[in-house]
Amino acid sequence: MDKKIREHYGSLPAESWEEFAHFSANLQHILGIPFSARHFQEYAACRAYARRQAGLDLRAGITVPFADRDLARLATGPPAMFASFHFGSYRSVPLRILALGRSVCVVLSRDVLAKYSRYYSALLADPGDPDGPAGLLLLEAEDPSLFFKLRRAARRGMHAFVYADGARGARAAGKEQGQLISVELLSGRLGAMSGYLDFAHMLDMGVHLLLDSALQPQLGFQGQEIRAMTLPWDSDRRRFAERSLGEIFRCFGRSLRQFPHLWEPLLYLHRQGVPTSALAGWKADERLVPLDPKMHWGLDRYTYRRYMVGDPAGFGW
């Protein structure tokens, strides 16, 4: 093992070795960065940013800076589907729409819905009062009746908001609805949901991609304009969904290449379906990395398979 690499491993807490190994695999598959000291630097930066992100107190909402001109134009228009990623100050993005005076229904996985409902209790819209103040309506991604709830919300003038890197979706609107579709992202491929694009087309809603690459999440909504892109419409639903999905991930890739540590899923991307990339970009002697400080277990970063290691020194560890 290279001396600098050994030093970086020595600075990792014991409980972080396994997380780092998977992060490193995700990073190389998606961004094509060969195993090096940079993997440790990106891991530390991603971990630090995730901590700052989690430390934001957004229970009372946010105020909107004048700089959000594009978002203001889109948010004051007819009900639309807004898509984003768990990237940058992602928690503040739907709140920007709310701060512009428009209600927004956020589609979340069942795992976090109850937690978000408690956290944002002061901002929730009253479903029984369509003329009430703007608020958040939280909907479950796995709900078979999700389409009908989105349609009802759109008729009330609400926007919809989804995370394009989520891995959960309703399965009742068609066989393809609950399946992940393989999409290209920079150097790799990963599974992504497309059902929300089908819903948007059936509801005649425009689709807008929003990205907030705030380097300091606590300042993400103070004076920085959010990046917005509107997807071109197509009368054919399947073609619209396929083209839009590709464009969403191409656009996201440009921001990700510039700021990889702002994408929180690099810490857990492998849990929802391991990403893949061309084998030619991987050196054989850099694929197996230790999973624990005693170096008894290793992870093949290319396949994500675990191996028991008899003699760590035999692997250059």
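Here the structure is a predicted model, which is why all the values come from computation and not from measurement. FYI, the numbering just counts along the sequence from 1.
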Practice task
Give the intermediate values and the outcome of side chain to side chain contact (heavy atoms under 4.5 Å, CB included) for residues V309 and M295.
Solution key: CA-CA 7 Å; V309 177; M295 300 186 179; over 6 Å; no
Handout entry: W233/V207 under side chain to side chain contact (heavy atoms under 4.5 Å, CB included): CA gap, chis, key distance, verdict
Key = CA-CA 8 Å; W233 189 257; V207 179; 5.5 Å; no
Practice task
Under the side chain to side chain contact (heavy atoms under 4.5 Å, CB included) rule, what do Y119 and L58 come out as? Steps first, then yes or no, please.
Solution key: CA-CA 9 Å; Y119 184 87; L58 301 174; 4.2 Å; yes
Exercise for the section: Might you work through the side chain to side chain contact (heavy atoms under 4.5 Å, CB included) test for R6 and W317, ending with a clear yes or no? Expected result: CA-CA 8 Å; R6 189 181 295 275; W317 296 353; 5.7 Å; no
Exercise for the section: Could you walk me through whether Y163 and Y196 pass the ring-ring contact (aromatic ring centres under 6.0 Å, His included) test, one step at a time? Expected result: CA-CA 10 Å; Y163 288 105; Y196 65 94; over 10 Å; no
Practice task
Step by step, work out the ring-ring contact (aromatic ring centres under 6.0 Å, His included) result for Y268 and F23.
Solution key: CA-CA 7 Å; Y268 53 80; F23 172 91; over 10 Å; no
Practice task
Quick one: do T276 and R189 satisfy side-chain hydrogen bond (donor to acceptor under 3.5 Å, both in side chains)? Show the steps, please.
Solution key: CA-CA 5 Å; T276 60; R189 300 191 71 87; 5.8 Å; no
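Side-chain atoms of P94 and F82, non-hydrogen and from C-beta on, never get closer than 4.5 Å to each other. At a threshold of 4.5 Å between non-hydrogen side-chain atoms, the residues P232 and R243 do not count as touching. Side-chain contact between L291 and W17 is absent, with no heavy-atom pair separated by less than 4.5 Å. Looking at heavy atoms from C-beta onward, M308 lies out of side-chain contact with H296 at the 4.5 angstrom threshold. Inter-residue side-chain proximity for Y90 and E264 is flagged as met; some heavy-atom pair is nearer than 4.5 Å. The shortest distance between side-chain heavy atoms of L269 and I30 falls below 4.5 Å. Looking at heavy atoms from C-beta onward, R227 lies out of side-chain contact with D212 at the 4.5 angstrom threshold. M81 has its side chain out of reach of H208: every pair of non-hydrogen atoms, C-beta onward, lies at least 4.5 Å apart.
No side-chain donor-acceptor contact under 3.5 Å links R91 and Q53. When only modelled atom types and interatomic distance are considered, S109 and D111 share no side-chain donor-acceptor pair under 3.5 Å. If you check the side chains of W282 and S277, you find a donor sitting under 3.5 Å from an acceptor.
Residues M229 and L185 share a hydrophobic cluster, clusters being chains of Ile/Leu/Val/Met/Phe/Trp/Tyr side chains in contact below 4.5 Å. Cluster annotation: V274 and L190 are assigned to distinct hydrophobic clusters (Ile/Leu/Val/Met/Phe/Trp/Tyr, side-chain heavy-atom contacts under 4.5 Å, transitive). A single hydrophobic cluster is not seen to contain both L267 and Y304; linkage of ILVMFWY side chains at heavy-atom distances under 4.5 Å, directly or through other members, places them apart. Put simply, I5 and Y302 are part of two different groups of oily side chains (I, L, V, M, F, W, Y) that touch within less than 4.5 Å, one to the next.
Listed for the D236 side chain is no donor-acceptor partner under 3.5 Å among the backbone atoms of F240. In this structure a side-chain-to-backbone donor-acceptor pair under 3.5 Å is missing from E140 to L113. Under a 3.5 Å cut-off, the side chain of D198 and the backbone N or O of A241 do not form any donor-acceptor pair. A side-chain donor-acceptor contact under 3.5 Å links R301 to the backbone of E286. Within the 3.5 Å criterion, the main-chain N or O of I226 finds no donor-acceptor partner in the side chain of D70. Remark: side-chain polar atoms of S187 are not paired, donor with acceptor, to backbone N or O of H29 under 3.5 angstrom. R102 places a side-chain N or O within donor-acceptor distance of the main-chain N or O of A75, the cut-off being under 3.5 Å. Using modelled atom types, one side-chain atom of D57 and one backbone atom of R59 make a donor-acceptor pair closer than 3.5 Å.
Ring centroids of F20 and Y9 are separated by less than 6.0 Å, placing the two rings close together.
Using the six-membered ring where Trp is involved, Y120 and Y116 have ring planes that are tilted, between 30° and 60° apart.
Both the sub-6.0 Å distance and the 45° axial angle are satisfied by R306 relative to the ring of W297.
Applying the 6.0 Å contact sphere to CZ of R257 captures no more than 12 heavy atoms from other residues, nucleotides or ligands. For Y307, the OH atom sits in a packed shell: over 12 heavy atoms of surrounding residues, nucleotides or ligands are nearer than 6.0 Å.
Within the structure, side-chain hydrogen bond (donor to acceptor under 3.5 Å, both in side chains) pairs that include any residue of residues 121-130 do not occur (at least two apart or interchain).
Heavy-atom minimum distance, L288 versus G298: CD1-C, 3.8 Å.
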Without placing hydrogens or testing angles, list every side-chain donor-acceptor pair under 3.5 Å for residues 34-44, not counting sequence neighbours.
| residue | atom | partner | partner atom | Å |
| --- | --- | --- | --- | --- |
| S36 | OG | P34 | O | 3.4 |
| S36 | OG | R38 | N | 3.3 |
| R38 | NE | E42 | OE2 | 3.1 |
| R38 | NH2 | E42 | OE2 | 3.2 |
| H39 | ND1 | S24 | OG | 2.7 |
| H39 | NE2 | I33 | O | 2.8 |
| H39 | NE2 | P34 | O | 3.1 |
| Y43 | OH | E19 | OE1 | 2.5 |

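Here the rule is side chain to side chain contact (heavy atoms under 4.5 Å, CB included) with F161, and of V107, I97, L108 only I97 fits it.
In this structure, the separation between CG on L299 and CZ on R287 is 10.5 Å, given to the nearest 0.5 Å.
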